[in-house]
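FYI, the numbering just counts along the sequence from 1.
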Amino acid sequence: IEAGHYLSDEPGFYLEGKFGIRIEADLIVVEQLTHFAWGSRPYLGFRYCSPVPFCRALIEVELLEPRQREWIDAFHVRCRDEVNA
């Protein structure tokens, strides 16, 4: 994977014979700034291309760390800002 690559992220849960859910998102691989160093290779991260918020009813918020909750909240703000731009 290199910066600039396009990926599709499609995590899901399927209960055989009952139902399934899947959250799909389009991502671009981007270089990340970090205080860690690993030789000459940059750290990589992902930028969500799809301004669609996650369904809160599908998230077990109590299982998340504070920084994960903050990320989701910031992502939802970004989705709202992009759709309303």
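- Using modelled atom types, one finds no donor on one side chain facing an acceptor on the other under 3.5 Å when comparing Thr34 with Gln32.
- Under the 30°/60° scheme for interplanar angles, the aromatic rings of Phe19 and Phe13 are found to be tilted.
- Applying the salt bridge (charged side-chain N to carboxylate O under 4.0 Å, His left out) test to Glu2 and every residue at least two apart in sequence or in another chain returns nothing.
- Contact record, Leu63 with Gln68: O-OE1, 4.4 Å, taken as the closest heavy-atom pair.
- Aromatic ring centres of Tyr48 and Trp71 lie closer together than 6.0 Å.
- A salt bridge is absent between Asp9 and Arg22; no separation between the charged side-chain nitrogens and carboxylate oxygens falls under 4.0 Å.
- No donor-acceptor pair under 3.5 Å is formed between the side chain of Glu82 and the backbone N or O of Cys79.
- Closest heavy-atom contact between Pro51 and Val83: O-CG2, 3.8 Å.
- Heavy atoms of other residues, nucleotides or ligands lying less than 6.0 angstrom from CD of Glu16 number 12 at most.
- At distances below 3.5 Å, at least one donor-acceptor pair connects side-chain atoms of Arg69 with backbone N or O atoms of Leu64.
- Between Phe46 and Val29, some side-chain heavy-atom pair lies under the 4.5 Å cut-off.
- Residue Ile1 places its CD1 atom among 12 or fewer non-hydrogen atoms of other residues, nucleotides or ligands, all under 6.0 Å distant.
- Heavy atoms from other residues, nucleotides or ligands lying under 6.0 Å from CG of Leu33 number 12 at most.
- Of the possible donor and acceptor atoms, none in the side chain of His5 sits under 3.5 Å from a partner among the backbone N and O of Ile28.
- With a 4.5 Å cut-off on side-chain heavy atoms, Ile59 and Ile72 count as touching.
- For the pair Val52 and Phe75, the tightest heavy-atom approach, listed with the atom from each and the gap, is O-CE2, 3.4 Å.
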